[in-house]
Amino acid sequence: MKLLAITSCPNGIAHTYMAAENLQKAADALNVEIKIETQGSIGVENEFTQQDIQEADGIIIAADKTVNKERFVGKKLIAVGVQEGINSPEKLINRMLNGDASIHQESGGGSSSSEQQQGNQNAFYRHLMNGVSYMIPFIVIGGLLIAIALTIGGTSETGSGISIPEDSFWKTIESIGAASFSFMVPILAGFIAYSIADRPGLAPGMVGGYIATHGELYGSEAGAGFLGGIVAGFLAGYIALWIKRIKVPQVMQPIMPIIVIPVLASLAVGIIFVTLIGAPIAQVFVALTSWLEGMQGTSSILLALILGGMIAFDMGGPVNKVAFLFGSAMIGEGNYEIMGPIAVAIAVPPIGMGLATFLNRKKFQAAEIETGKASFTMGLFGITEGAIPFAAQDPFRVIPSNMLGAMVGAVIAMMSGVGDRVAHGGPIVGVLGAVDNVIMFFVAIIAGSFVTAITANLLKKDVQPATKERPEATEEEEPTEHSGDGQEEEVSRLVDITSKNLIEPNLRGNTQEEVLDEMIELLNQDGIVQSKANVKEAILAREAESTTGIGMNIAIPHAKSNAVTKPRVVFGIKQDGVDWHSFDGTPAKLIFMITVPRDNEGDQHLKILQMLSRKLMDDTFREQLLQARTKEDAYKLLESIE
């Protein structure tokens, strides 16, 4: 089978390429030929040829911005968000292999079921981010050119701040920057509408965005700003889509997308905005900007805490993008002190985790130390996603550390009046001259990064030192039995506390509780538990605190219980998966149940968890486990976990 895939995210930086890499790895593991086109910030790379499309058996689109699907008419197509391409690439490819994909139809004939599925998943976010991704370059151009013009050609002789003489060459540069800014809202609205209705929605959206910024058209002293642009974009898109779906005589079809739809949709949006909604939205926007400009003391600190936490929470995901959009939109209104704290927070997680690996190497594996170097470098260029590998491996320690550091940095920036004229973050924007109060900008990044690094190192445990290799067990050998006197056993390999009797390669249960019952029964048959009900109660109590579904089709339920006589790990495989409320939404297929006596000294179950988590980050190892069909096959693989 030959597949094609497209990956794209709103900023077109890290997520685009992470999804492409994971899809390629998954295809290689499944012996599937795949070609991946990335639509990133530098444009389309590895673009499909017409021959590629003709020979393809199916198309996978993992994108959070609109991708033109017209060239794939008649092909099997799956369209999902970019996160699914990162987290569940095997699942997407298996859907193609199993025929779980719909044929993509002509856009004029409605949406395919795969498109509808994508739209139902997160339509508002997808359409909004499509507009934002096209808007960002205009803000960057405008902000940088104006900043450069003011820095080099500005004078402060007038006593009213920095200004540029009218006859100066730098006044021309400033005007070019201002021209770029003027396109911001029309572009935002136009490409929101384009995402909804394809090309017929683009012109009406841009017309609506232009009207939103010109309050004089609807009797308002101020325009409706980016809020008006968002409303105009969605309004134009859905009006154009509605007109597009009207059945018309065949003779009229050629002129519908170039004359009828753009004209009628633009007219409708213009009339609705001018007569009904323009002035109210402008009033709301004026009130919002006035409130932000008047923020002092506690209220400004609270805003900085919220923005910093949002940026660091999912490192380029939906929550991050909402905060980023807010800061970017404020740049267009001349309020740079909202983007300032955001620009600091963007850099803190990757720089902070890089610093953490430099400061205390005992907390990290050798591979993580190498990742730390890349993360630090990405942070310098304002790429928050550099911290994702650390968060994926240890989310409960890394994400809080990232958030705390980002919030500290954002508060310092807010209280110091740091401003950012460019819709981007990290030290790079300070070097380029786009930051106001640049010294405190760097102070905020440094302080926040050290808070993240120190917190992460305090929360993380030392990695287990490598142990001397032991002779491999023979086919007949089972792990040595350990005493049940409550003393903690020395565990250097996973097979020290599991056996072939505690492995089930074909779990039958269809729910979380059924699977737990099945695995607890294996412990019972091995004489490890005194009460199955008590063990199950302890495990479910742990699940109630937070799910043990760590994602990537893995669940690690665990608990201490007086009903357990010895530390043991039960391993089960559920080929079609079971819902475990995992963080990434994937069903649990590889399930490791850890049970430890309550009176065991120390946190032995945490050591076992750490041992498991490191090995399970290996994509190849997970695939090998999934392909194990016998207890013997699975046991041989588990012997490598130490």
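Hydrogens, waters and symmetry mates play no part in the numbers below; they use all other heavy atoms, side chains included. As the structure is a prediction and not an experimental result, all values here were calculated from the model.
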Subject >> N46 (side chain) donor-acceptor with E37 (main chain) under 3.5 angstrom >> reply: no
Original post:
What distance do F313 atom CZ and N320 atom CG have between them, rounded to the nearest 0.5 Å?
Top reply: 11.0 Å
Subject >> Pairwise distance OG(S449) to CG(L355) - rounded to 0.5 angstrom >> reply: 6.0 Å
Original post:
Salt bridge between D198 and K69, side-chain N to carboxylate O under 4.0 Å?
Top reply: no
**OP:** Ignoring hydrogens and angles, tell me if any N or O in the side chain of S375 forms a donor-acceptor pair with the backbone of G386 under 3.5 Å.
**Re:** yes
Original post:
So, S180 side chain and G177 main chain: donor-acceptor pair closer than 3.5 Å or not?
Top reply: no
Subject >> Flag side-chain contact, heavy atom, 4.5 Å: F450 against L359 >> reply: yes
**OP:** Heavy atoms only: give me the nearest Q24-I36 pair and the separation to one decimal.
**Re:** N-CD1, 3.7 Å
Original post:
Taking all non-hydrogen atoms of both residues, which atom of V418 and which atom of N437 are closest, and how far apart?
Top reply: CG2-O, 3.8 Å
Original post:
Looking at F138, F234, Y134, F183, which hits ring pair (Phe, Tyr, Trp, His ring centres under 6.0 Å) with F191?
Top reply: Y134
**OP:** Could you tell me whether the side chain of S266 and the main chain of P262 form a donor-acceptor pair under 3.5 Å?
**Re:** yes
Original post:
Just how far is it from atom CD1 of I369 to atom NZ of K363, taken to the nearest 0.5 Å?
Top reply: 13.0 Å
Original post:
Is there a side-chain contact between I272 and I239 (heavy atoms, below 4.5 Å)?
Top reply: yes
Subject >> Among I61, V44, N68, side-chain contact (heavy atoms from CB on, under 4.5 Å) partner for Q39 >> reply: V44
Original post:
Does the N22 side chain pair with the main chain of P89, one donor and one acceptor, at a distance under 3.5 Å?
Top reply: no
**OP:** Please check if atom OH in Y210 has more than 12 non-hydrogen atoms from other residues, nucleotides or ligands closer than 6.0 Å.
**Re:** no
**OP:** Verify the neighbour count for atom CG of L458: are there more than 12 heavy atoms of other residues, nucleotides or ligands below 6.0 Å?
**Re:** yes
Original post:
Would you find more than 12 non-hydrogen atoms of other residues, nucleotides or ligands less than 6.0 Å from F381 atom CZ?
Top reply: no
Original post:
Is the shortest heavy-atom distance from the side chain of M403 to the side chain of I311 under 4.5 Å?
Top reply: no
**OP:** Please report the shortest heavy-atom distance between Y218 and H214, naming the atom on each side.
**Re:** CE2-O, 3.5 Å
Original post:
For E216, does the CD atom have more than 12 heavy-atom neighbours from other residues, nucleotides or ligands under 6.0 Å away?
Top reply: yes
Subject >> Test item: R397 side-chain N/O and L459 main-chain N/O as donor-acceptor pair under 3.5 Å >> reply: yes
Original post:
What pair of heavy atoms forms the shortest contact from A423 to I331, and how long is it?
Top reply: N-CD1, 3.7 Å
**OP:** To the nearest 0.5 Å, tell me how far M415 CE sits from S300 OG.
**Re:** 5.0 Å
Subject >> Residues which pass salt bridge (Lys or Arg N to Asp or Glu O under 4.0 Å) with K373, listed by chain and number, not counting sequence neighbours >> reply: E370
Original post:
Side-chain contact, heavy-atom cut-off 4.5 Å: T455 with N402?
Top reply: no
Original post:
Backbone N or O of T38 within a donor-acceptor pair of the T16 side chain at under 3.5 Å?
Top reply: no
**OP:** Spell out, as yes or no, whether a donor-acceptor pair under 3.5 Å connects the side chain of S182 to the backbone of A179.
**Re:** yes
Subject >> Spatial distance of atom CD1 (I176) from atom CD1 (I148) [nearest 0.5 Å] >> reply: 11.0 Å
Original post:
Between atom CE of M353 and atom CG of D394, what is the distance when rounded to the nearest 0.5 Å?
Top reply: 8.0 Å
Original post:
Hey, mind stepping through Y336 and D420 against side chain to side chain contact (heavy atoms under 4.5 Å, CB included) and telling me if it holds?
Top reply: CA-CA 5 Å; Y336 309 121; D420 180 12; 5.7 Å; no
Subject >> Heavy-atom pair of closest approach, residues T384 and P349 >> reply: CG2-CG, 4.0 Å
**OP:** Kindly give the heavy-atom pair with the smallest separation between V422 and G143, and that separation in Å.
**Re:** CG2-C, 4.0 Å
